[in-house]
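Okay, so here's the structure we're looking at.
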Amino acid sequence: MIQPILILGALLLGLNSCSPKQSPATTAEQNIPATETATAPETPAAKPLVLGAEQLDRYLKHLEGKRVGMVVNQTSVIGKTHLVDTLISRSVEVTTIFAPEHGFRGEADAGAHIKDAKDTKTGLPIISLYGSNKKPSKAQMQNLDVLVFDIQDVGTRFYTYISTMHYAMEACAENGKKMLVLDRPNPNGHYVDGPVLEMEHKSFVGMHPIPIVHGLTVGELAEMINGEKWLEGEKSCDLTVIKMENYDHTMAYDLPVRPSPNLPNAQSIALYPSICFFEGTNVSVGRGTPTPFQVIGSPFYQKKDYSFTPVSTPGATDPPHKGVKCYGMDLTDPSFAQPFTLKYLLEMYNNSSSKEKFFNNFFEKLAGTSELRKQVIAGKTETEIKASWEPNLSDYKVLRKNYLLYPDFE
């Protein structure tokens, strides 16, 4: 997941169809006589989105006179200024930076061990929350009163920033500290889909009984974690969510900063829910190419009309099948940026010359269930597989409604 690089300005595909449409006003509504020709009124401009982090007047009062720890990375910006720098300029006593997967500056490979360090600009200690130390320790929490979480998520269960948020909430609950979540949009927040996690498959890439596409902002998910008593020992965190203004779940949102090194643009973020499964197979998702999470391929795929060869790149120094030609599918065309689907998984498996080695033991953690692998091997269709998710998915959708902070997509 990162590198603080501005991403391409491509809007997520398919969201426009979710946007509410306004019916044209009648002549009565316009207060114009029916016998006169009505001139269409100008549509009022949409109110600008205001992020949680941008509402300093609403949350500085929670930080005044407090020692503040921050769970942040390269996405934690107000405009072009990092939140850490903004708060320090407002005389907030920031004591510690906690960094998630990919590090504070967002440059590390997925899964790479991140070392503790010191920020060269501020001199603040940076403590990694990835690797052996996923939760702030009691000693690390002693030097703060409030923990601020401000990280851009992409709305999938296996993206690890929400796992880091969970552990930060747990540390606050265990040590009597306050937690402040500054909310940001979910670029995949316009729908809900996928199997709900079975808790026997709980891991850092899936900690909660939620579907792959959960349809929540980080603020809404934090409220759900607290409300459903999912923290260790069923503890509650002293939680405050700073809501966004003028956000709703139909809204398209183009991320201004790539959330991780291998999600460089809106196309990759839209495809991510559907093709992250391949991290648990012998199929490359394009790490080590110019288009990560926009191409898929394997040396064992039997159709040869498209190919790529992964190489070492920043953020993907040792990608799967490095230096080996992979055959597969080019998904860079905007038409492929559709909601979650199993068709790519089924296509790559059904046309693999090495089906017995297609899956690895990481697949169940990503899927959150042992059934999906069995269903694919058994030749089930996407319709049949999705039908098996429906009871749990329907229950989740009802639960989700209890924690929404913004107007929904339905």
Side-chain angles (χ1 to χ4, degrees), residues 1-3 5-21 46 49 75 110 152-159 184-194 211-215 217 247-279 283-298 301 303-310 313 315-316 319 326-348 351 382-383 386 409-410:
M1 293 184 315
I2 312 198
Q3 199 169 356
I5 301 175
L6 295 179
I7 70 171
L8 299 175
L11 289 174
L12 293 178
L13 274 294
L15 295 189
N16 289 340
S17 62
C18 297
S19 300
K21 294 182 173 63
L49 173 69
T75 68
Q152 177 63 59
D153 187 51
V154 300
T156 62
R157 186 184 65 220
F158 33 56
Y159 207 58
R184 289 180 179 266
N186 177 354
N188 284 309
H190 58 293
Y191 70 108
V192 173
D193 207 349
I212 286 171
V213 185
H214 53 70
T217 67
Y247 176 75
D248 68 67
H249 281 279
T250 71
M251 185 177 293
Y253 182 66
D254 190 22
L255 274 60
V257 179
R258 67 169 72 188
S260 55
N262 290 287
L263 292 181
N265 54 27
Q267 181 81 354
S268 62
I269 291 167
L271 285 165
Y272 181 73
S274 301
I275 67 178
C276 189
F277 281 133
F278 290 119
E279 304 275 53
V283 175
S284 165
V285 295
R287 294 183 189 274
T289 76
T291 51
F293 284 95
Q294 298 156 83
V295 296
I296 51 177
S298 165
Y301 185 61
K303 298 179 182 179
K304 308 295 184 183
D305 52 336
Y306 174 75
S307 67
F308 60 87
T309 302
T313 59
C326 296
Y327 300 94
M329 302 174 68
D330 179 356
L331 306 177
T332 56
D333 188 275
S335 64
F336 291 107
Q338 55 194 254
F340 174 80
T341 178
L342 294 174
K343 67 182 181 182
Y344 306 127
L345 177 65
L346 297 175
E347 167 68 20
M348 295 302 291
N351 290 283
E382 178 167 15
T383 300
K386 285 196 168 189
F409 52 79
E410 59 182 16

#### Entry: Those residues that, when tested against S268, pass side chain to side chain donor-acceptor pair (under 3.5 Å) (two or more places apart)
N265
### Message
Holding to salt bridge (charged side-chain N to carboxylate O under 4.0 Å, His left out), I want the full list of residues that pass it with K303, two or more places apart in sequence or in another chain.
### Response
E347
### Query
By salt bridge (charged side-chain N to carboxylate O under 4.0 Å, His left out), which residues pair with R184, not counting sequence neighbours?
D150
### Query
What pair of heavy atoms forms the shortest contact from Y253 to P187, and how long is it?
O-CB, 4.1 Å
### Task
Just do the side chain to side chain contact (heavy atoms under 4.5 Å, CB included) check on I212 and F277 with the steps written out, would you?
CA-CA 10 Å; I212 286 171; F277 281 133; 3.2 Å; yes
### Query
Roughly how far, to the nearest 0.5 Å, is OG1 of T291 from CD1 of I296?
11.5 Å
### Message
Tell me every residue that passes side chain to side chain donor-acceptor pair (under 3.5 Å) with T309, counting only those two or more places apart in sequence or in another chain.
### Response
none
### Query
S274: what forms a side chain to side chain contact (heavy atoms under 4.5 Å, CB included) with it, not counting sequence neighbours?
F340, T341, Y344
### Summary
When every non-hydrogen atom of R287 is compared with those of A316, the smallest separation belongs to CB-CB, 4.1 Å
### Message
Under a 3.5 Å distance rule, please check whether N262 uses its side chain to pair with a backbone N or O of F293 as donor and acceptor.
### Response
no
### Summary
Here the gap from I269 atom CD1 to R258 atom CZ, rounded to the nearest 0.5 Å, amounts to 10.0 Å
### Residue list, side chain to side chain donor-acceptor pair (under 3.5 Å) with D305, at least two apart or on another chain
none
#### Entry: Heavy-atom closest pair, residues T332 and D330
OG1-OD1, 2.7 Å
### Query
What are the two closest non-hydrogen atoms of T156 and P273, and how far apart are they?
CG2-CG, 3.6 Å
### Task
Considering non-hydrogen atoms only, spot the tightest contact between Y191 and V213 and give its length.
O-CG1, 3.5 Å
### Message
Are the side chains of K386 and D193 in contact, using a 4.5 Å heavy-atom criterion?
### Response
yes
### Query
Between Q152 (side chain) and P185 (backbone), is there a donor-acceptor pair under 3.5 Å?
yes
### Query
For H214 and D153, which heavy atoms make the closest approach, and how far apart are they?
NE2-OD2, 4.0 Å
### Summary
In this structure, NZ of K343 is separated from CD of Q338 (nearest 0.5 Å) by 4.0 Å
### Task
For the residue pair M348 and Y301, establish whether any side-chain heavy-atom pair is separated by less than 4.5 Å.
yes
### ring pair (Phe, Tyr, Trp, His ring centres under 6.0 Å) involving Y247 - partner list, sequence neighbours excluded
H249, Y406
### Summary
Paired with L263, the side chain to side chain contact (heavy atoms under 4.5 Å, CB included) test is passed by just one of L255, V154, L271, namely V154
### Query
Strictly under 6.0 Å, is that where the ring centroids of Y272 and F158 end up?
yes
